Each structure stands twice: as structure tokens, then as C-alpha cells.
There are 2 protein chains.
Amino acid sequence: MRKLPPLRALQVFETAARQQHFSKAAAELCITQSAVSHQVRVLEEYFGEQLFDRQGRKLQLTPKGQSLFIELERIFNELSDLNLKIRDTPNQQLCLAVYSSFAVKWLIPRLADFRRQYPSVKIRLEMITQDPDLSTSTADIFIAGKLNQRGYWQQLLHKERLIPVCSPSFYPKWRDINLSNFQQQALLIVDEGQLGLDWHKWSSAHQIPLNNEQQHIFSHIVMAIEAAIAGQGLALAPDFMVAGDISTGRLVAVNLPDVHTGFEFSFICKQRRLAEPAIAAFSSWLKSQA
Amino acid sequence: MRKLPPLRALQVFETAARQQHFSKAAAELCITQSAVSHQVRVLEEYFGEQLFDRQGRKLQLTPKGQSLFIELERIFNELSDLNLKIRDTPNQQLCLAVYSSFAVKWLIPRLADFRRQYPSVKIRLEMITQDPDLSTSTADIFIAGKLNQRGYWQQLLHKERLIPVCSPSFYPKWRDINLSNFQQQALLIVDEGQLGLDWHKWSSAHQIPLNNEQQHIFSHIVMAIEAAIAGQGLALAPDFMVAGDISTGRLVAVNLPDVHTGFEFSFICKQRRLAEPAIAAFSSWLKSQA
DNA sequence: CATACTAGATGAATTAAATTCATACTAAAT
DNA sequence: ATTTAGTATGAATTTAATTCATCTAGTATG
């Protein structure tokens, strides 16, 4: 809940300050000089400060009046630009560049909802497997690792946390799996995990050796998850990717420690494009999904 | 003359968008739900665009509504900060760092006018003889050569132009001085002219040799001008510095070419301090003097 | 399946804010 | 000293904002 100064009075004051003349301001606003005088007084009473020095026929801003004017001129310029910004309909098409795993297991299942809420925005989805080169990419929006680049807006979506999962059919007494019998289980390992997804990270984080006899290796986390669903072993998967499968009972979280990789999925786009209708819509929808 | 959207409607819309709820917005604004609905409609008619999607009891911003909201939230935050910015009275004392020649011959004579107009602002004047180190100086405002540094605001005050002048008593037929008899005249030369003030520059610009027999050398332009007033020879002086002496008849501009040194006097201060009352006042006064 | 409930929409009536009108005031210019 | 160009002011008026009473359409409930 915010407290704003009287807006009409600000507008009239800004005009008067710009014109340095109440009567000219009145002409610009198509009102009388009297109305200008009244509104300026309203503002002076609101701030409890003289804004103009009236020395006879010379009208002069006080230091505080000047200061206020400088801010207001900029702000009202922005307000008058809103007209254009809103009516121009730039690009109701959005090109998203998204990490493939995030796309498949998180974004795509939810995208239908976005399309329903904003049918006018057409989405084109581009998958990436490594941090994008912002300067050369043609995408409007990225969902990738955090990268601090000047002029870009980013918002944290998710901190990656890996949890061990398996199919309830893989090991009927899956609730009994624990550190002491862990090494008897088959492991579903992701190699070439540019996101730091794998059992080796888990192993060194918890100082548990990986002596498991059975180790199946996949090139992508999505395949490891599918293998887990098919009951082929224990996978180490980002929590958000398997939340759906867990709630439908296709996977279960086993009683083994999790691990934070430090990787963060972020929404990234050019700062100055943030208020474009399509981008604003997508950004707000993303926030509502978190 | 600018055209602004209906301000009250913007304010009500911003609250409604932030709350995602007309009734809550109404509560925040201490008005009824009906009033919110009316104002939102006013704005929608003004822009000719749907801003909210009303799907039954769910209220949802459209892409354009989102876009508008993002801009307005920022703008109204700034407006609500005005309160503090105006009431806080930071530093009604200003420290100016000014090139010595500009200070003596331009600023000081006019400073009385500034003091009369803004008696609440106390000025402390510091002279400099070379470009200031912005990062270490304690001055609030600089008047110096143009220097492009990020985060600093600058405004061009004057492009230096040198004109040859002398006292009317120095050479009674001063109107007859021209290029053919120039070398018979005594020259008042400024050495160590970090501003590029001197006859040598003039000489090479116009390809005129300086074979004058009498040459008096000074370490500062102000002294050369005083010598010219005393009738000791021809000085080459910045036009703005001698305008006063010329109008009172103490000096005359002789019929010889002028020269632009390329040096520019600029008003410089930290961008983010521009709206401080004292700085805003000085900046606006400077503009009025140009 | 009817019924109550929640949240917004709407049109006429009302209230509050902004503006005008008529006139007073003031410093500067003539 | 008088005119002039500008702002100030209080009461009257107009316009814009708000309320009130009622309506509508989804949602939830027993």
C-alpha cells in the first residue's frame, strides 16, 4: 500500500515549471490560470514546501521546486510514451531457448496452460544443451543457468537439487533401501552431464564410494529417468523433473541423501524488452507457476 | 505539450493489477469495488485494449495489461519516493570546482545574481587549473573541459573562441589594424596555457608568422587581459571573458581573424545527484545564464 | 440439482475534486 | 501616477470520481 502525491496537481505543476509561467501552462492544459494557481497551491500544501518563488511578475522555481521538476519531467515523459508502448503490438511471437531437460520435464507439460491463458502469444521453443551466447542468439527469452551480463534481466526459477529415485516395481521393499545396502543397487548414471548431474558428484559430496556392480550409463538425464520408470535401477534426478512421476506413483523417492549441485535455472531476457506485452505475459506466467 | 493518459485511472489500474483483485484494490485505495471497475474500464477505453481477462471469478492480466503494469509499478514507486526526496533537505551547500579563468571572468561576476535568487544555497568556490580527478575530488559540481565519464551528467556551457583585443588607447587608429600591419603590434602572449590559449595556435591556424618585435609573456590569461586593458598590446582572449570589458569600452575587438580552440567548458556533476535541490537550482540557473 | 456464495459489471444518483468567474492584489514598466 | 502583466483568492459551477442498489456469471455446497 503506497502513498502517492495528488497526481493532477503534479501534472499541473510540471507544466507550470516547464513553462515558467502559470498562464502559459493554463493554455497548454486548456484550463484557466486560476486553476493552475489552485493546483500548485495544493501541491505546495501537500509537500509543505514552497515550490515557486513569486517575486512580483517574475516566477522562479525554488531549489526544491527545481528538484521536483527534474524528476517529474522525466516521469511524465515516460507516462506519455505508454500510449505508444501499449498500442504498438510488437511481436506477439516468443522464441524461447530452454535447457532441454527443463523443457521436456517442466516447461512442455505446463505450456498448455500458458497457451490457454494467453492464446494471442505464439510460442516457439528452442532447446539448448549449454549456456547460450546471448549476443548471437535470436531467442527472446532464455531459461538457462544464471549468468550475470549487463543489460539482462534474470529471475531465479529453481535451484537444482538431485534426489535418488526408482520405480516402486524395481525393488518391492524400496523403503528399506539405505546407505548400508546402497551398493547392491543398480545405478543409472548420466554421463556428459553439463549440469553437474550425476552420481559421482553425489558420491564425493557424501563420501560414499560407488562400488555398485551394475551401472548403466546414459547421455541424458531424461533417458535415465525413463530407465528408472522402467524399473532398471536408481537414478539421481532433479526434484522438479520427477515431481510429476512421483505424485502419479511411477517413481518413488528412496531413503538416501539428496545433493545440491549449485546450478540454478533462471529466466533471462533483455532488460529493456521486459515490458513488451508477450514477454511481460510469459514472465508473469512463469512467476505464477513457481 | 504532451498528452498523458488519465492519471487516476492509471493509479487504480496499477493497484488492481498488483493485487490481481478489484475488491482488494478497492480496499487499499479506500474506495468501493465499483469505483475500481469503472476506472479500469476508463483506461481500457482510453487505450482501446483489454487489460484484464475476466474469466468468471478468475482475474487475469492480458499481455498488454502485464506490460502496462510493469511500467506503472516502477513509475508509481518513483512517485511515492518523491515525498522523501523533497522533504529531506540534503546539503544546501554546494562546492564548485571551476577553471580559474572561467571563475574570475565569468562566474564570479554573475554569482551575486545566483545568491539573490537562491539565498538558501551556500556556495563554496574552488579554482582548478587542470581537469579535475572526478573520483577523488570532493566538489559537488565541476565547470571544466568536456570529459566523458560514465555516471556523470554534463552540459555544454561554452565553446572557446579566441578573439584579438586591445585597449582603444593602445593604438588610436585600432580600426586600421589588419593582417598587413599586424606584425608591428606588441603581442601579449600567454604561456603555459593548458587551455590552448595563445598566439601560436592562432598563428598556425591562419598560417601567419609571429615576427612581432615586442612580445610580453604572462602565465595566465587574466593577466594578459589586464595588460591589454592597460594598453600594453594585443591580447588573444576568449570572447566570453572580454565581452564585459568590450561593452564598457575598456577593450575593443580588432579586425583580425578569430580562432576556435576546440576546448569546451561544461557543467559536470554526478548523474544521480542532479535532482538534489541545490544542484538542480544551480544547474537551472546556469542554463538561464547561457 | 437447487442454492448460496464470490467477484465483477452496470446505470443512475451522489459526492468530491477540479475548474471557472469575478475580482483583488503586486511589482514592474511607462 | 497609471497602466500592465502577472498571480491569488473565495464562491459558484462544472466535471470527474465514487457510491448505491442491483445484476450477472461462474463456483462451491449440501
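None of these values were measured; they are calculated from a predicted model. Every chain is numbered from 1 and lettered A, B, ... according to where its sequence line falls, protein lines coming before strand lines.
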Taking N or O atoms only and anything under 3.5 Å, show me the protein contacts with nucleotides 20-22 of chain C, one pair per line.
{"unit_1": "C/dT20", "atom_1": "OP2", "unit_2": "A/Thr32", "atom_2": "N", "d": "2.3"}
{"unit_1": "C/dT20", "atom_1": "OP2", "unit_2": "A/Thr32", "atom_2": "OG1", "d": "2.7"}
{"unit_1": "C/dT20", "atom_1": "O4", "unit_2": "A/His38", "atom_2": "NE2", "d": "3.1"}
{"unit_1": "C/dC21", "atom_1": "N4", "unit_2": "A/Ser34", "atom_2": "OG", "d": "2.6"}

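Between the CG atom of A/Leu51 and the C1' atom of D/dT7 there is a distance of 15 Å, given to the nearest Å. Rounded to whole Å, the distance from CD on B/Gln11 to C1' on D/dA16 is 14 Å. The CG atom of B/Leu59 sits 13 Å away from the C1' atom of C/dT6 (whole-angstrom rounding). Atom CZ of B/Phe13 and atom P of D/dA17 are 17 Å apart (whole Å). When rounded to the nearest whole Å, the span between CZ of A/Phe22 and C1' of C/dT26 equals 14 Å. As a whole-Å value, the separation of A/Tyr46 OH from C/dA17 P is 15 Å. Taking atom CD of A/Gln55 as the reference point, atom P of C/dA29 lies 13 Å away to the nearest angstrom. Separating the CD atom of B/Gln39 from the P atom of C/dA9 is a distance of 13 Å, rounded to the nearest angstrom.
Under the Watson-Crick and G-U wobble criteria, each requiring two contacts below 3.5 Å, nucleotide C/dA18 is paired to D/dT13.
Of the residues near DNA chain D, B/Val42 and A/Gln20, the one whose nearest nucleotide (by heavy atom distance) lies more toward the 5' end is A/Gln20. Mapping A/Pro6 and B/Ser23 onto DNA chain C via the closest heavy atom, the residue that lands nearer the 5' end is B/Ser23.
At a cut-off of 3.5 Å, with distance as the only test, a side-chain donor of A/Glu28 or A/Gln19 sits close to an acceptor on the other residue. No hydrogens or angles considered: a donor-acceptor pair under 3.5 Å links the side chains of B/Gln117 and B/Asp113. B/Gln33 and B/Ser23 form no side-chain donor-acceptor contact under 3.5 Å, judged by distance and modelled atom types alone.
Contacts of B/Ser37 with the nucleic acid, taken as non-hydrogen atoms under 4.0 Å apart, include base atoms.
Between A/Lys270 and A/Glu276 there is no salt bridge, since no side-chain nitrogen of the basic residue lies less than 4.0 Å from a carboxylate oxygen of the acidic one.
Side-chain N or O atoms of A/Ser266 include none that pairs as donor or acceptor with a backbone N or O of A/Ile268 at under 3.5 Å.
Close to C/dA7, at under 4.0 Å from its OP1 or OP2, lies no side-chain N or O of B/Arg54. Between A/Arg8 and C/dT19 there is a side-chain polar atom (N or O) within less than 4.0 angstrom of OP1 or OP2. Under 4.0 angstrom from either OP1 or OP2 of C/dT10 there lies at least one side-chain N or O belonging to B/Arg41.
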| said: Working note: A/Ser34 + A/Thr32, criterion side-chain hydrogen bond (donor to acceptor under 3.5 Å, both in side chains); need CA distance, chi angles, decisive distance, verdict. | reply: CA-CA 5 Å; A/Ser34 173; A/Thr32 60; 4.6 Å; no
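Every residue two or more places apart in sequence or in another chain that forms a ring-ring contact (aromatic ring centres under 6.0 Å, His included) with B/Phe282 is listed here: B/Phe114, B/Trp285.
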